[in-house]
Protein chains: 2
Amino acid sequence: MSRELQPPDVAFILQNVLGCKWTLHILAEVRRGVNRPGQLVRSADGLTTKVLNERLTKLVRFELLEKTSYPEVPPRVEYQLTAFGNRFSSLLDEIDRLQAEL
Amino acid sequence: MSRELQPPDVAFILQNVLGCKWTLHILAEVRRGVNRPGQLVRSADGLTTKVLNERLTKLVRFELLEKTSYPEVPPRVEYQLTAFGNRFSSLLDEIDRLQAEL
DNA sequence: CAGTATCCAGACCGATACTG
DNA sequence: CAGTATCGGTCTGGATACTG
């Protein structure tokens, strides 16, 4: 069960994963420790649970994020960056840096 | 005649300009000196003149690229990175770096 | 709280043909 | 060579409502 990138293609991920609306925001939040769906929907105005889940699913699918479900009531879920996802940290930092300096 | 980004928003550009199909490729090529439309269409399999021009127009519109037309026959046109566009060089480098290392 | 289902307007982009 | 016009299928993502 691995990414279906043979070979892994940064441009592809940038295009099809990071390029999707909300994805960069979501990743940035997760990096900051905002890693529960409830927090994440509230972190962006206009982001719906449907789209959030599409993004999270995709990020998990491409193994940038990892999902942990806690068997509690009410249910609790947390997402975190994987080692692979962390390789994009430099990119996220670069984006932050650009954002700050413009 | 300035970008209608108030304030300039890297995430927005990443989303709506760089996130579009072919755009990263086009920018990378222009950086390498492949800066004429004819060369650019040929540089990517599947890229059509229609889409190329949409991308170039958008890149010029957001002032990442600058266009120079030479009044010759046949017409010659060249695109180059602007100072603003160059600020994204670090991002492109970072992408190349990631690409190489994965 | 987490996640899914449906609807649908609009964006995206490939194919093709055409003008200056 | 550079650029535009048109058509049409596909994908995107927002609104809303619903399930476990």
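Any value given below was found using the heavy atoms of this structure, including those in side chains, with hydrogens, waters and symmetry copies removed. Chain letters run A, B, ... following the sequence lines, proteins first, then strands; residues in each count from 1.
Between E78(A) atom CD and dC1(C) atom C1' the separation is 13 Å, expressed in whole Å. Here dA2(D) presents its C1' atom at 12 Å from CZ of R42(B), a figure rounded to the nearest Å. Atom-to-atom, CD of Q39(A) to P of dG3(C) comes out at 13 Å; the value is rounded to the nearest Å. If you measure from atom CG of D45(A) to atom C1' of dG14(D), you get 13 Å, rounded to the nearest angstrom. The interatomic distance linking R76(A) (CZ) with dG3(C) (P) rounds to 13 Å, in whole Å. N35(A) places its CG atom 14 Å from the C1' atom of dC1(C), with the value rounded to the nearest Å. N16(B) places its CG atom 11 Å from the C1' atom of dA11(C), with the value rounded to the nearest Å. Whole-Å rounding puts the E54(B) CD to dA5(D) C1' distance at 11 Å.
Among dA2(C), dG3(D), dT4(C), the nucleotide with an atom closest to any side-chain atom of P75(A) is dA2(C). Closest approach to the N53(A) side chain among dT4(C), dG14(D), dG14(C) is made by dT4(C) (side chain taken as heavy atoms from C-beta onward).
Regarding contacts with the backbone of dT12(D), every side-chain N or O of W22(A) stays at 4.0 angstrom or more from both OP1 and OP2. Under 4.0 angstrom from either OP1 or OP2 of dA2(D) there lies at least one side-chain N or O belonging to R36(B). The side chain of Y79(B) places an N or O atom within less than 4.0 Å of a non-bridging phosphate oxygen (OP1 or OP2) of dG3(D). K21(A) has no side-chain polar atom (N or O) that falls below the 4.0 Å cut-off from OP1 or OP2 of dC11(D).
Between the side chain of T49(A) and the base of dT4(C), a donor-acceptor pair under 3.5 Å is found. Not a single donor-acceptor contact under 3.5 angstrom links the side-chain atoms of K50(A) to the base of dG3(C).
Remark on DNA chain C: of its neighbouring residues Q15(A) and S69(A), the 5'-side contact belongs to S69(A), judged by nearest-heavy-atom nucleotide.
With a cut-off of 3.5 Å on both pairing distances, the Watson-Crick or G-U wobble partner of dT16(D) is dA5(C). Pairing partner, dG8(D): dC13(C), with both Watson-Crick or wobble hydrogen-bond distances short of 3.5 Å.
Within the nucleic acid shown, P37(B) comes within 4.0 Å of sugar-phosphate atoms alone, with no base atom in reach, counting heavy atoms only.
Judged purely by atom type and a 3.5 angstrom limit, Q99(A) uses its side chain to pair as donor or acceptor with the backbone of V10(B).
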Show, in sequence, the C-alpha distance, side-chain angles and deciding distance for R76(B) and E78(B), and conclude whether the salt bridge (charged side-chain N to carboxylate O under 4.0 Å, His left out) test is met.
CA-CA 7 Å; R76(B) 180 164 62 99; E78(B) 285 181 6; 3.1 Å; yes
Checking K58(A) against E54(A) for the salt bridge (charged side-chain N to carboxylate O under 4.0 Å, His left out) test, could you report, in this order, the C-alpha distance in whole Å, the side-chain angles of both residues, the deciding distance, and whether it holds?
CA-CA 6 Å; K58(A) 198 173 237 178; E54(A) 283 173 3; over 6 Å; no
Between E94(B) and S90(A), is a side chain to side chain donor-acceptor pair (under 3.5 Å) present by the stated rule, with each step listed?
CA-CA 7 Å; E94(B) 188 55 36; S90(A) 52; 2.5 Å; yes
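Note that the CG atom of L14(B) and the CG atom of L18(A) stand 8.0 Å from one another [nearest 0.5 Å].
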